[in-house]
**Q** 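Handing you a structure now.
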Amino acid sequence: MITFTFPNEYFSPKATLECGQTFRFSPCGESAWLVLCADKACLLKEYAAEVHVSCEEADEQYFRGYFDLETDYAALLKEAEAFGVPVLFEAVRFGRGLRILNQDKAECLLSFIVSQQNNIPRIKGNLSRLCAALGEKKRFAGYDYYTFPSLERLAERDEDFYRSLGLGYRARYVAASSKKLLEEGFSSVEGKTGAELKRALTAYPGIGNKVADCISLFAFRETAAFPVDTWIARLYRENFGGAETDREKINRFFVEKFGPNAGIFQQYLFYYKRERGDAAV
DNA sequence: AGTAGACCTGAGTA
DNA sequence: ATACTCAGGTCTA
């Protein structure tokens with residue numbers, strides 16, 4: 001095991017983990033979290049001025065990439081503030097230290113299928129049961145955890161099995177998309193970006209525009225992908241005086257407004273709106 | 001092209 | 001108590 005550090009001015013484990021981009025983490029006492037992705041685990045500990053990341057020695061580069069540590073968030077926040085939009089300014093202040101993760105593609109794809117018309121605590125429960133049922137048991141830093149299941153294990157189960165885990169009607173989508181992933185991998189999205197990538201992702205059963213944007217942003221580094229869910233639609237109405245109800249139009253409104261990094265700013269806006277929905281700004 | 005209804009589930013609210 | 005609403009939506013008709 002090794003430990004590397006990163007200044008916490010632009011790395012807040014709490015904001016990064018609790019903003020709804022990942023569902024596989026758990027608090028370990030005070031200011032510490034066990035974070036899981038694919039078959040790997042790491043431990044985050046927050047101190048006064050820095051965050052300590054502990055993981056297997058071979059995984060250091062993986063987690064530096066996972067937490068997006070090469071990206072300059074000081075510049076991004078400056079860019080956000082320069083728009084002069086009050087709610088974005090507040091959101092960036094509130095979520096300071098939130099970083100966009102670079103997640104495992106298959107895990108992200110299936111997780112956000114489960115996320116539709118669902119709430120975060122239940123999504124976490126669904127996914128943790130999924131991993132316990134089909135994943136591999138491992139141990140890191142004294143903690144037991146389950147890996148995200150392989151596509152082979154996922155694809156051999158049917159809808160009824162996923163229903164038994166409590167996924168509800170999403171069970172059919174998980175079963176079908178797992179099979180498609182096992183058969184084709186990501187060949188249909190290979191080399192694609194932007195709107196083409198989004199369109200290719202919506203070809204997986206259970207993936208519409210919103211989930212395709214989430215996967216693009218969280219697993220394909222598409223920083224302009226701007227997911228529009230109920231919270232963002234509410235933000236659009238309440239904070240931007242928007243009248244459109246078509247979520248694709250709302251998506252275009254924000255992408256045109258906030259440009260190539262719109263998706264990153266979306267995450268701050270989503271986190272702020274969900275946590276502080278009653279706030280004046 | 002655009003829109004209503006159906007769809008699992010469990011926590012929260014009236 | 002019991003019903004109703006809502007949650008990081010998608011699909012079908």
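Side chains are part of it too, since the values below use all heavy atoms of this structure and drop only hydrogens, waters and symmetry mates. Order of the sequence lines sets the chain letters (A, B, ...), proteins ahead of strands, with each chain counted from 1.
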**Q** Start with the C-alpha gap between A:R99 and A:D68, add the side-chain angles, then the distance that decides, and say whether salt bridge (charged side-chain N to carboxylate O under 4.0 Å, His left out) holds.
**A** CA-CA 7 Å; A:R99 308 181 73 88; A:D68 205 21; 5.3 Å; no
**Q** Requiring both pairing distances under 3.5 angstrom, list the stems that contain DNA chain B and are made of three or more consecutive Watson-Crick or G-U pairs.
**A**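 Counting only runs of 3 or more consecutive pairs, the stems involving DNA chain B are B:3-7 with C:9-13, B:9-14 with C:2-7.
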**Q** Within the distance-only criterion (no hydrogens, no angle test), does the side chain of A:N8 pair as donor or acceptor with the backbone N or O of A:V51 below 3.5 angstrom?
**A**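 A pair under 3.5 Å: no.
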**Q** For A:Y145 and A:F140, I'd like to know if the aromatic rings sit close, meaning centre-to-centre distance below 6.0 Å.
**A**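 Not under 6.0 Å, so no.
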**Q** How many Å lie between CG on A:D246 and C1' on C:dT10, as a whole number?
**A**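 That distance rounds to 14 Å.
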**Q** Between A:Y10 and A:R96, is any side-chain donor less than 3.5 angstrom from a side-chain acceptor?
**A**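 Yes, side-chain donor-acceptor contact under 3.5 Å.
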**Q** Between C:dT5 atom P and A:Q117 atom CD, what is the distance in whole Å?
**A**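 So the CD-P distance, A:Q117 to C:dT5, works out to 13 Å.
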**Q** Answer with base, sugar-phosphate or nothing: what part of the nucleic acid does A:R170 contact at a heavy-atom distance below 4.0 Å?
**A**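 Contact class for A:R170: base.
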**Q** Considering only atom P, compute the distance from B:dA6 to C:dG8 and round it to an integer number of Å.
**A**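 Result for the P pair: 23 Å, nearest Å.
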**Q** Any side-chain donor-acceptor pair under 3.5 Å between A:D213 and A:N251?
**A**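 On atom types as modelled, these side chains qualify, holding a pair under 3.5 Å.
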**Q** With a non-hydrogen cut-off below 4.0 angstrom, is A:E248 in contact with a base, only sugar-phosphate, or nothing?
**A**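 Here A:E248 touches no strand at all.
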**Q** B:dG10 C1' sits how many Å from A:L165 CG, rounded?
**A**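 Roughly 16 Å, once rounded to whole Å.
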**Q** Only one of A:N118, A:I113, A:N126 forms a side-chain contact (heavy atoms from CB on, under 4.5 Å) with A:L167, so which one is it?
**A**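 Testing each of A:N118, A:I113, A:N126 against A:L167, the sole residue satisfying side-chain contact (heavy atoms from CB on, under 4.5 Å) is A:N126.
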**Q** Is A:F112 stacked on the base of C:dG8, with ring centres under 5.5 Å apart and planes under 30° apart?
**A**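 Here the ring of A:F112 and the base of C:dG8 are not stacked, as the 5.5 Å and 30° limits are not both satisfied.
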**Q** Looking at A:Y169 and C:dG9, is any side-chain donor or acceptor paired with a base atom of the opposite kind under 3.5 Å?
**A**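 Answer is yes: a donor-acceptor pair is held.
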**Q** Contacts to DNA chain C from residues 118-131 of chain A, heavy-atom cutoff under 4.0 Å, which residues?
**A**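 Listed by number, they are A:N118, A:N119, A:I120.
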**Q** Would you say A:R274 reaches C:dC6's phosphate, i.e. side-chain N/O to OP1/OP2 under 4.0 Å?
**A**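 It does not, given that no N or O in the side chain of A:R274 lies less than 4.0 Å from OP1 or OP2 of C:dC6.
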**Q** Verify side-chain hydrogen bond (donor to acceptor under 3.5 Å, both in side chains) between A:R247 and A:N209, making sure each step is shown before the conclusion.
**A** CA-CA 9 Å; A:R247 293 192 173 182; A:N209 288 319; over 6 Å; no
**Q** Of all the choices, C:dG9, C:dC11, C:dG8, which nucleotide is nearest to the side chain of A:Y173 once you look at every atom?
**A**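 Output: C:dC11.
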**Q** Could you give the OH-to-C1' distance, from A:Y162 to B:dC8, as a whole number of Å?
**A**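 Going from A:Y162 (OH) to B:dC8 (C1'), I get 17 Å.
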**Q** What residues in residues 198-228 of chain A put a non-hydrogen atom under 4.0 Å from any atom of DNA chain B?
**A**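 Heavy-atom cutoff 4.0 Å gives no residues at all.
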**Q** What is the distance, to the nearest angstrom, from the CZ atom on A:R247 to the P atom on C:dT10?
**A**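 Taking CZ of A:R247 and P of C:dT10, I get 8 Å after rounding.
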**Q** When the distance from CG of A:D229 to C1' of C:dC6 is rounded to whole Å, what number comes out?
**A**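 That distance rounds to 13 Å.
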**Q** How many whole angstroms separate atom CD of A:E244 from atom P of B:dG2?
**A**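 These atoms are roughly 10 Å apart.
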**Q** Less than 4.0 Å between a side-chain N and a carboxylate O, is that true for A:E60 and A:R64?
**A**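 Yes, A:R64 and A:E60 are salt-bridged.
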**Q** Parallel, tilted or perpendicular for A:Y66 and A:Y62, by the 30°/60° rule?
**A**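 Because their plane-to-plane angle is under 30°, the rings of A:Y66 and A:Y62 count as parallel.
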**Q** Please give the distance between the C1' atoms of B:dA11 and C:dT10 as a whole number of Å.
**A**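 It works out to 23 Å between them.
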**Q** When you compare C:dC11 with B:dG10, how far apart are their P atoms, in angstrom units rounded to a whole number?
**A**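 Comparing P positions in C:dC11 and B:dG10 gives a spacing of 23 Å.
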**Q** Are A:F265 and A:F254 close enough that their ring centers fall under 6.0 Å?
**A**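 A:F265 vs A:F254: aromatic centres not under 6.0 Å.
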**Q** So, does A:D72 use its side chain to make a donor-acceptor pair with the main chain of A:A75 at under 3.5 Å?
**A**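 Checked: pair present.
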**Q** What does A:R172 touch in the nucleic acid at a heavy-atom separation under 4.0 angstrom: a base, only the sugar-phosphate, or nothing?
**A**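 Nothing, no nucleic acid heavy atom in range.
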**Q** Between B:dA1 and C:dG9, how far is it from one P atom to the other, in whole Å?
**A**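 The answer is 25 Å between these two P atoms.
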**Q** Any side-chain to backbone donor/acceptor pair from A:N119 onto A:R122? Under 3.5 Å, distance only.
**A**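 Yes: the side chain of A:N119 pairs with the backbone of A:R122.
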**Q** For the ring pair A:F94 and A:F89, is the centre-to-centre distance below 6.0 Å?
**A**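 Aromatic pair excluded; centres sit 6.0 Å or further apart.
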**Q** Can you check the A:E18 CD to C:dG8 C1' distance for me, whole Å?
**A**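 Interatomic distance, CD of A:E18 to C1' of C:dG8: 15 Å.
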